[in-house]
Structure formats: C-alpha cells, structure tokens
**Q** 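The structure that follows is given in the form of structure tokens.
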Protein chains: 2
Amino acid sequence: MVFGYRIGGLPLTTVQRLPNYLRVVREMHRAGREVVSSARLGELLRLDPVQVRKDFGLIGIVGRPKIGFRTSELVEAIEGHLNWNRVSAAILVGAGHLGQALLGYRGFANHGLEIRAAFDLDPRSGEVHGIPVHPMHELEARLPELGARMAILTVSPEAAQEAARRLAAAGIEGIWNFTGATLDLPPAVIVQNQDIAVGLAVLSARLSAQGRVVPAPIGEVPV
Amino acid sequence: MVFGYRIGGLPLTTVQRLPNYLRVVREMHRAGREVVSSARLGELLRLDPVQVRKDFGLIGIVGRPKIGFRTSELVEAIEGHLNWNRVSAAILVGAGHLGQALLGYRGFANHGLEIRAAFDLDPRSGEVHGIPVHPMHELEARLPELGARMAILTVSPEAAQEAARRLAAAGIEGIWNFTGATLDLPPAVIVQNQDIAVGLAVLSARLSAQGRVVPAPIGEVPV
DNA sequence: TCGTGTGAATGTTTTCACAGCT
DNA sequence: AGCTGTGAAAACATTCACACGA
C-alpha cells in the first residue's frame, strides 16, 4: 500500500471519518445535547452503528449502555487525535484562483489551521483576504519566522515538483498537495494529495454506470 | 458500506486510481511514447506493478509480454470508463470563493466537464471567468435548456441541504458536494462528497503521529 | 530475459451475532 | 428494552509467487 495504513495507531478509514463525526457532534454539543447514541450518528452520517462504536473505541471513548456517548468527550478526543485543538501554522504556495479561495476559507479555524502567509511568483496585490502574499523568492528567508510545519500547494501541476522540493529543503514537514501532480520527495516529508480529479472520476463513473445493466460475471446466474 | 462498492463492475479503489493513470499516460502518449510497462507506471505513481496490471485487466486492457501496454489503448479505455471522452454539461451552485475558483479551473476540459452556468443568491457581476451567473430563483426555469445532469455544490454548509433538495427536484442526477454537509436525498440521486476536511484530517493525523513512537500491540515484541 | 496474467496467500475493513450493563 | 463492547465471520484489497509469451 502507498503508505503505512495505520496513522498513529488508527486505521486510515477511521481517521477519514473523524471530521464527519466531529462536525455533527460539535453541532450537538453546541446545541446543549450531552449524549448521543451510535445509532443516531449512524443515521445522520449514513454509517453502520457498529462502525461508529468501533471507531469511538479506537480513539479511547467508552459509551454508557442505554445512554450513549458524551458529546463533550467525543469532541475532545477527536480534536486531540487530529491535533485540531491547538493552532497549527501553515503557508500557502501558489495564489491563483484555488489558492485565493483557500485563503478566504473561514472554516480552517475549526480545524486548527492558520494560514500565516502565501507565496506566489507574481504577488500582485501583496495580500489576499487579509493574508500577506510574498514573492516566491522570499520563501526560504521568511519561512523560519512563520513557524509553519505545513504547506498548502496550489501552484500549477508543472510547477509542483520544483516548489515542493524547495518546501522540503526549507524544512516543511507536510505538504497538502492540490496540484494533481505526483510529488517525488524524501520519505520524511508527508504528502497528502487532494486531487479533485479523483472525486470527479468517482462521480463520473457512478453517473455513467447509473441505470446501466452490469453484466453478471461468468458462471453466475442473474436473479 | 455507504454505497455499493463496485462502480460499473470496477472496485472503487480502481476507479480512484484511473485519473492518475490517465494523467501520466496521456502525457506519454502526447510525447509520442507508444507503450509503457506496469513497472514504469508503478514507479511514477508509487504503486505496485501488479496492482497496475490488475487495474488494467479490469478495464479490459491486455498488455504484451516484453513490450508493455499501448498508451493509446489505455487513454481510450480509461476515458471510456470515466465517460471523459465526451462532454458532460454541469451547473455550479454557490458562486463564493470556492465556486469562483472552480469556475476558473481550466482543467475540467480534460475531464469532459463543461460548466454551463452558475447560480447564486446574489449574482453580483452576472458572470465569472466567462461563465454566466444567474440568480438562484431562476434555477428551475433555466435548468432544462442547460442540459446538465450534474451539479457542483459550493454553497455554505447551512444552505446545502435546501439547495440540494431543489437540485434533485429539478432533475439533477449527480451532485458533487463540496460543502462538507451530509445531504439527505432520494437514493436515485448520486452524491459525491468532496470535503477537504477529510484530507486535512489525514494530513493532520499523519503529521501529529510523525516521529511519535507507536506502542506495540500487546503480545508483540518490538524489534 | 523481461514483462504480462493470475491463482493463492495475506492483510485489512466491514458486518454479523451476541453477551453484558443499567 | 435499549444501547454499548467485542469476538468471529465475511467481504474486500493488496501482495506474493510463478507460469507463460515474445
């Protein structure tokens, strides 16, 4: 598999479900609801209740029979596992359309992410949505003072590898790669690919399979 | 599981790899390279060569021993499976930062997607990156002439359910949901969630597990 | 010998079945 | 009765091992 497939002891699939749990459980908590059952969460998120309980067990949360899980404990545990309960500094590289949209996204505050600065070959205005945009050649010089471990990469696919190499050389530990290019970096650098083409591919394939009769495998008789 | 987990006969994981194969194989094809081995693709995409061959087998492409796979056949087969070899019309709902960034994204042309129009409660300028933006109340009236089966949903999470309901009622068959909200719709409507919080969660968890010692499971002896 | 094709083995995730707590 | 916790089974995906073709 492409990377270790247990993240800090948790299965990847569990980690992927955590932000969804967090969203609805935070909402309930804010609304004053103190407990919630796995059945209710499963209904809201379209998950099997057993899966919800297994996931919660993995992050160390025990529920109470007949009662459910305490929303406050859940929020705390999930935030802790994702490290979303403290602020992480990040930079953004490539202030094009997508980069600017991410600079304007308010939701990162809920995820412990603070974009401190952006870099671009052509930093037109010098700031976007209140975040300073610096010329790309100042990257290495400015990085130390920014205290960012993580970079959001939104340059063109062609420019991706070289930008990523510079980020890695400058000490960035994790790259959130929106470019769609496959990055070749030292294994110590964590690369998280966020290629929207993948999601579009799944949607396209589901739509085009929609209503079409899937031929039964040889040897099986259609019911 | 949350949906059927074979899409038109292919495993979901295979479908997710198809756009990556397509990107590099198109590049090779354009560069005049006629054949490629599974080993070379595996190296470029960090995949096991056997996996590459199994995937290609599933989409009906056979390679030739000692030679490899024909790039032209691969491009055609992958595009066919994703329905990316013909143009699909789409609309976009919610022309905020993210919506505008997607309206400006040129890459959709490579994926058979054409955004014909956008809708927004407050359609300021009336057009973004050359694509007309209409007031939201005109959605139902304009949809038939646009011929779109698919909608890209980029409204706020709070507005997501109601907008999705209207889209479904108006005959949209597939919704690419960027809002992070879980949509409750008739099962005939295909919803593809594209929540960036999921990717961020995985990256955050990997970063925060980075270098930390994972305790060995009980009964196992650390090497 | 190089590279494909594939049955078998392995590993992982989900689902089932049911015991236990209140 | 209602809800959690969990071992066991099933489903699924990946990797191994090797036969075969050019």
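Numbered from 1 within each chain, the chains take letters A, B, ... in sequence-line order.
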**Q** Donor-acceptor pairs under 3.5 Å, side chain of residues 58-73 of chain B to any protein atom, not counting sequence neighbours: which ones?
**A**
{"residue": "B:Thr71", "atom": "OG1", "partner": "B:His29", "partner atom": "ND1", "Å": "3.3"}
{"residue": "B:Thr71", "atom": "OG1", "partner": "B:Arg33", "partner atom": "O", "Å": "2.7"}
{"residue": "B:Thr71", "atom": "OG1", "partner": "B:Glu34", "partner atom": "O", "Å": "3.2"}

**Q** Is any side-chain heavy atom of B:Phe119 less than 4.5 Å from a side-chain heavy atom of B:Leu92?
**A**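 They are not in side-chain contact.
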**Q** List, one per line, each side-chain donor-acceptor pair under 3.5 Å for residues 151-161 of chain B, sequence neighbours excluded.
**A**
{"residue": "B:Thr154", "atom": "OG1", "partner": "B:Val93", "partner atom": "O", "Å": "3.2"}
{"residue": "B:Thr154", "atom": "OG1", "partner": "B:Gly94", "partner atom": "O", "Å": "2.6"}
{"residue": "B:Ser156", "atom": "OG", "partner": "B:Glu158", "partner atom": "OE1", "Å": "3.3"}
{"residue": "B:Ser156", "atom": "OG", "partner": "B:Ala159", "partner atom": "N", "Å": "3.3"}
{"residue": "B:Gln161", "atom": "OE1", "partner": "B:Asp184", "partner atom": "N", "Å": "2.8"}
{"residue": "B:Gln161", "atom": "NE2", "partner": "B:Asp184", "partner atom": "O", "Å": "2.9"}

**Q** Is there a side-chain hydrogen bond (donor to acceptor under 3.5 Å, both in side chains) between A:Asp55 and A:Thr14? Walk through the geometry before answering.
**A** CA-CA 6 Å; A:Asp55 285 337; A:Thr14 295; 2.8 Å; yes
**Q** Is the closest basic N to carboxylate O distance between A:Arg86 and A:Glu79 below 4.0 Å?
**A**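 Not counted as a salt bridge, because no side-chain N and carboxylate O are separated by less than 4.0 Å.
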**Q** Does D:dA13 have its OP1 or OP2 closer than 4.0 Å to a side-chain nitrogen or oxygen of B:Arg17?
**A**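 So the side chain of B:Arg17 is outside the cut-off, no N or O lying under 4.0 Å from OP1 or OP2 of D:dA13.
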**Q** How would you list all residue pairs meeting side chain to side chain donor-acceptor pair (under 3.5 Å) that involve residues 173-182 of chain B, not counting sequence neighbours?
**A**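 As it turns out, the side chain to side chain donor-acceptor pair (under 3.5 Å) pairs with a partner in residues 173-182 of chain B, which skip direct neighbours, are A:Arg23-B:Thr182, B:Arg149-B:Glu173, B:Trp176-B:Gln194, B:Asn177-B:Thr179, B:Asn177-B:Asn193.
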**Q** Can you tell me if A:Thr14 touches the phosphate of C:dT13, counting only side-chain N or O atoms and a distance under 4.0 Å to OP1 or OP2?
**A**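 It does not, given that no N or O in the side chain of A:Thr14 lies less than 4.0 Å from OP1 or OP2 of C:dT13.
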**Q** Assign each of B:Phe56 and A:Pro11 to its nearest nucleotide of DNA chain C by heavy atoms, then name whichever residue's nucleotide is nearer the 5' end.
**A**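 Here B:Phe56 is the residue nearer the 5' end.
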**Q** Under 4.0 angstrom, heavy atoms only, what part of the nucleic acid is A:Gly63 near: base, sugar-phosphate, or nothing?
**A**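 A:Gly63: backbone/sugar contact only, no base atoms under 4.0 Å.
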**Q** Using a cut-off of 4.0 Å between protein heavy atoms and nucleotide atoms, how would you tag nucleotides 16-22 of chain D 5' to 3' with B, S and -?
**A** BB---B-
**Q** Could you state the CD-C1' distance from B:Glu73 to C:dT4, rounded to the nearest angstrom?
**A**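 Value for this atom pair: 14 Å.
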**Q** Rounded off to whole Å, could you give me the CG-to-P distance for the B:Leu58 and C:dT6 pair?
**A**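 About 10 Å, once rounded to whole Å.
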**Q** Does anything in residues 21-40 of chain B come within less than 4.0 Å of DNA chain C? Heavy atoms only, and list the residues if so.
**A**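 Only B:Ser37, B:Ser38 qualify.
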**Q** Find the distance A:Asp55:CG to D:dT4:C1' and express it as a whole number of Å.
**A**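 These atoms are roughly 14 Å apart.
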**Q** Apply side-chain contact (heavy atoms from CB on, under 4.5 Å) to B:Glu43 and list each qualifying residue two or more places apart in sequence or on a separate chain.
**A**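 Checked B:Glu43 against side-chain contact (heavy atoms from CB on, under 4.5 Å); matches are B:Arg40.
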**Q** Quick check: do A:Ile115 and A:Tyr105 have side-chain heavy atoms less than 4.5 Å from each other?
**A**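 The answer is no, as the side chains (C-beta and beyond) never meet within the 4.5 Å cut-off.
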